[in-house]
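Just below is one structure, and these are the notes that go with it.
This structure is a prediction, so every number in the text was calculated from the model and none was measured.
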Amino acid sequence: MSKVNKLQNKVVVVGDTKKKPTLKKTDRDAVRIVDAAVNGNGAVESKKILIDPKSLKGIKSIESDWGVWKDGMVSPYKRSPRGCGILKVENLTEYQNKFREYKRLWEKEVDAYCDNYDEIISESRVRQGTNFDIGDLPVSRGDMRSRFEFEFVGPFALENPEDLSFALNDMEIDEIRKEVSDEIMESIKGSLSESYSRINELIEKLDKYDPDGPIGEKHGYHESALDNVRKAADALDNLNFTEHEGVSAIQKDMRDLLIGHTAESTKGNESSREDVVEKAKGIVKKNFAAFGY
């Protein structure tokens, strides 16, 4: 039985789409004048920053928080639309509820931003000076508001090559089946990306730590370095959508790695640090290498 058939009714593809206001514009006339003066032949480029990026900080923060949560639930899948990935069916309700929660926060922040649209224009006018052109900006609050999107992509079933049997011959179906199967394996590998990153960060921090080094240098580390490894391992409960034995082994080894260790205890004990680093490197070399890392 193919990997696709085994996954039927166990996973769905979900995602979201969001669009930030496209409010950067090249000042082409100014570019041409400067470029011609230096015989640049197209080498000179200039951009007008129409709105202060800092004013979008609140909106971007919510989008970022949602992205972090989503990445812990949804595995990447190249055959799905951009921004979508594979989610366990059993997690769908939680995913939908969490999306609505973040979207309410996001809409409140976007509305507050757009309600101050006159101030946005005034700030842009002052900052750009003689370069200001009102035609560069949306004509109204409503036009600005329409630039923002954060919409849920409804769940749909994982693509099944067998569904195309009415139109394709067996050889063509086999080719698609292999392609889908390969992409699922890529998704499994992709689901390990965060874990791989976090365990390598831990290795680097513990390897570089010097208890006798100057205070305040970046060679130190905090409990978060260990917590991030634990969180990445916990996320595999959701991301291991095929219940792959290799992924389960990585999860177990990452959890076992930190048993009895804290940032404080490892900082105070060189032998303890070396033990964690040696075991972590073993996990990377053996377990992650099996997935092409």
Start with the C-alpha distance between E151 and K103, add both sets of side-chain angles, then the distance that settles side chain to side chain contact (heavy atoms under 4.5 Å, CB included), and finish with yes or no. CA-CA 8 Å; E151 298 299 328; K103 186 174 182 180; 3.0 Å; yes
Determine, stepwise, if the pair L137 / I51 fulfils side chain to side chain contact (heavy atoms under 4.5 Å, CB included). CA-CA 9 Å; L137 293 164; I51 58 174; 4.0 Å; yes
Decide yes or no on side chain to side chain contact (heavy atoms under 4.5 Å, CB included) for L158 and Y77, but give the supporting numbers first. CA-CA 10 Å; L158 187 71; Y77 185 53; 3.7 Å; yes
Could you walk me through whether S140 and Y117 pass the side chain to side chain contact (heavy atoms under 4.5 Å, CB included) check? CA-CA 8 Å; S140 66; Y117 190 49; 5.5 Å; no
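To the nearest 0.5 angstrom, N200 atom CG is 11.0 Å from S195 atom OG. Remark: E270 CD to L206 CG distance equals 11.0 Å, nearest 0.5 Å. With rounding to the nearest 0.5 Å, the separation of CG in L239 from NE2 in H244 is 14.5 Å. How far CE of M144 is from CG of D115: 12.0 Å, rounded to the nearest 0.5 Å. Taking CD of E183 as the start and CZ of R79 as the end, the distance is 6.5 Å to the nearest 0.5 Å. F148 CZ to D111 CG: the interatomic distance, rounded to the nearest 0.5 Å, is 10.0 Å.
With respect to the salt-bridge test (charged N to carboxylate O, under 4.0 angstrom), the residues E101 and K98 qualify. The existence of a salt bridge linking K10 and E90 is excluded, since no basic side-chain nitrogen approaches an acidic carboxylate oxygen closer than 4.0 Å.
Y196 contributes no side-chain N or O that, together with a main-chain N or O of G190, makes up a donor-acceptor pair within less than 3.5 Å. Side-chain atoms of N116 do not come within 3.5 Å of backbone N or O of E119 as any donor-acceptor pair. Using a distance-only test at 3.5 Å, with no hydrogens or angles considered, no donor-acceptor pair links the side chain of D136 to the main chain of F132. Judged by distance alone, the side chain of S146 and the main-chain N or O of D143 form a donor-acceptor pair under 3.5 Å. S124 places a side-chain N or O within 3.5 Å of a backbone atom of L50 that can act as its donor or acceptor partner.
A search for salt bridge (Lys or Arg N to Asp or Glu O under 4.0 Å) contacts involving K252 returns D256, not counting sequence neighbours. D182 meets the side-chain hydrogen bond (donor to acceptor under 3.5 Å, both in side chains) test with K178; sequence neighbours excluded. Listed by chain and residue number, R127 satisfy the salt bridge (Lys or Arg N to Asp or Glu O under 4.0 Å) test with E123 (two or more places apart in sequence, or in another chain). Not a single side-chain hydrogen bond (donor to acceptor under 3.5 Å, both in side chains) links D118 to another residue, sequence neighbours left out. Under the side chain to side chain contact (heavy atoms under 4.5 Å, CB included) criterion, V89 pairs with V12, sequence neighbours left out. Every residue two or more places apart in sequence or in another chain that forms a side-chain hydrogen bond (donor to acceptor under 3.5 Å, both in side chains) with R198 is listed here: E194, E201. A search for salt bridge (Lys or Arg N to Asp or Glu O under 4.0 Å) contacts involving E204 returns K208, not counting sequence neighbours. Scored by the salt bridge (Lys or Arg N to Asp or Glu O under 4.0 Å) test, K88 finds no partners at all (sequence neighbours excluded). Scanning for side-chain hydrogen bond (donor to acceptor under 3.5 Å, both in side chains) contacts around R82 gives an empty result, with sequence neighbours left out.
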Determine all donor-acceptor pairs shorter than 3.5 Å in which one atom belongs to a side chain in residues 59-69; sequence neighbours excluded.
| residue | atom | partner | partner atom | Å |
| --- | --- | --- | --- | --- |
| E63 | OE1 | K20 | NZ | 3.1 |
| E63 | OE2 | W106 | NE1 | 2.9 |
| W66 | NE1 | D16 | OD2 | 2.9 |

Just list the side-chain donor-acceptor pairs under 3.5 Å for residues 226-238, sequence neighbours left out, or say none.
| residue | atom | partner | partner atom | Å |
| --- | --- | --- | --- | --- |
| D227 | OD1 | R230 | NH1 | 2.9 |
| N228 | ND2 | S224 | O | 3.1 |
| R230 | NH2 | H261 | O | 3.3 |
| D234 | OD1 | R255 | NE | 3.2 |
| D234 | OD1 | R255 | NH2 | 2.9 |
| D237 | OD1 | Q251 | NE2 | 2.9 |
| D237 | OD2 | R255 | NH2 | 3.3 |
| N238 | OD1 | N91 | ND2 | 3.0 |

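A donor and an acceptor atom, one from each side chain of N240 and S191, are nowhere located under 3.5 Å apart. Looking at T266 and Y221, their side chains do bring a donor and an acceptor atom within 3.5 Å of each other.
Nearest heavy atom pair, residue R273 against residue P211, reads NH2-CD, 4.1 Å. The two residues G15 and Y95 come nearest to each other via the heavy atoms CA-OH, 3.7 Å. Closest approach of G260 and S265 over heavy atoms only: O-OG, 4.2 Å. I188 approaches F291 most closely through the heavy-atom pair CG2-CE2, 3.8 Å. The two residues E223 and A263 have their closest heavy-atom pair at OE1-N, 2.8 Å. The shortest heavy-atom contact between S187 and I86 is OG-CD1, 4.1 Å.
Inter-residue side-chain proximity for L87 and V13 is flagged as unmet; no heavy-atom pair is nearer than 4.5 Å. Contact annotation: the side chain of P155 approaches that of L92 to within less than 4.5 Å [non-hydrogen atoms, C-beta and beyond]. Contact annotation: the side chain of R100 approaches that of R104 to within less than 4.5 Å [non-hydrogen atoms, C-beta and beyond].
Residue pairs meeting the side-chain hydrogen bond (donor to acceptor under 3.5 Å, both in side chains) criterion with at least one member in residues 280-293, sequence neighbours excluded, are D207-K281, D253-N287.
The six-membered or imidazole ring of F99 lies near that of F150, with a centre-to-centre distance under 6.0 Å.
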